Amino acid sequence: MEHMSKTKSMKDILPGITIAVLFLVILLLVVFGATSYQHGAVYQKSNDELRVACSYITTSVKNSNGGRVAPTEFNGYPGILIEDGDTGFAHKIFLKDGALMEEYNLTGANVSPENAAKIGETSVFEINYLSDEILEVKTDIGTSYVHIGE
């Protein structure tokens, strides 16, 4: 009789153990899925921000209103000078400590990185002329080509 009660109690416990194991498996799958989604979302956001920064640079170059566009260095930081036609002002975009920065001031004035606005993050920012009218802009995300001619 005692043996039957032990067998019956195991039969009573088995469904509870099965439900607990299934609950833990489902919980682990949800946590794994959420973590994977979070990593993907962070990567996508970073990628989107860099693409926006690249688009912003190419749009700025195209909107130079016939002004000079020149790869240059600002206080030792690689960048690009985009003169604004005949106004005497220029849009200056440069890389400082992994961040693309921008400043709009007089063409001959030095940049003030502490006053510049951050437009994106990248560890690579190279600008080269491929011809008189084609500018190549390299960043972490890849390379963009901008036609400067009118």
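Worth saying up front: this structure is predicted, and the values here are computed from it rather than measured. Heavy-atom basis, side chains included; hydrogens, waters and symmetry copies ignored.
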With a 4.5 Å limit on heavy-atom distance, are the side chains of [X] and [Y] in contact?
X      : Y      : value
Val137 : Thr143 : no
Phe125 : Ile80  : yes
Tyr129 : Ile134 : no
Phe74  : Lys96  : no
Val124 : Glu126 : yes

Has the side chain of [X] got a donor or acceptor atom that lies under 3.5 Å from a matching backbone atom of [Y]?
X      : Y      : value
Thr107 : Gly88  : yes
Glu103 : Ser112 : yes
Ser123 : Gly98  : no
Lys92  : Ala109 : yes

Same cluster (ILVMFWY, side-chain, under 4.5 Å), [X] and [Y]:
X      : Y     : value
Val111 : Val69 : no
Phe23  : Val31 : no
Leu100 : Ile82 : yes

Minimum-distance pair of heavy atoms, taken over all atoms of Leu81 and Ala90: CD1-CB, 3.4 Å

Quick check: closest heavy atoms across Tyr56 and Ile119, and the distance to 0.1 Å? CD2-CD1, 3.8 Å

Between atom [atom1] of [X] and atom [atom2] of [Y], what is the distance when rounded to the nearest 0.5 Å?
X      : Y      : atom1 : atom2 : answer
His147 : Ser131 : NE2   : OG    : 7.5 Å
Glu73  : Leu95  : CD    : CG    : 11.0 Å
Asn128 : Lys138 : CG    : NZ    : 6.5 Å
Asn110 : Asn75  : CG    : CG    : 5.0 Å
Thr58  : Leu135 : OG1   : CG    : 10.0 Å
Ile26  : Leu22  : CD1   : CG    : 6.0 Å

What class does the angle between the rings of Phe94 and Tyr77 fall in, given that below 30° is parallel, 30 to 60° is tilted and above 60° is perpendicular? parallel

Could you list all the salt bridge (Lys or Arg N to Asp or Glu O under 4.0 Å) pairs where at least one residue sits in residues 106-122, not counting sequence neighbours? Lys118-Glu121

Any luck finding a side-chain donor-acceptor pair between Tyr104 and Asp84 under 3.5 Å? yes

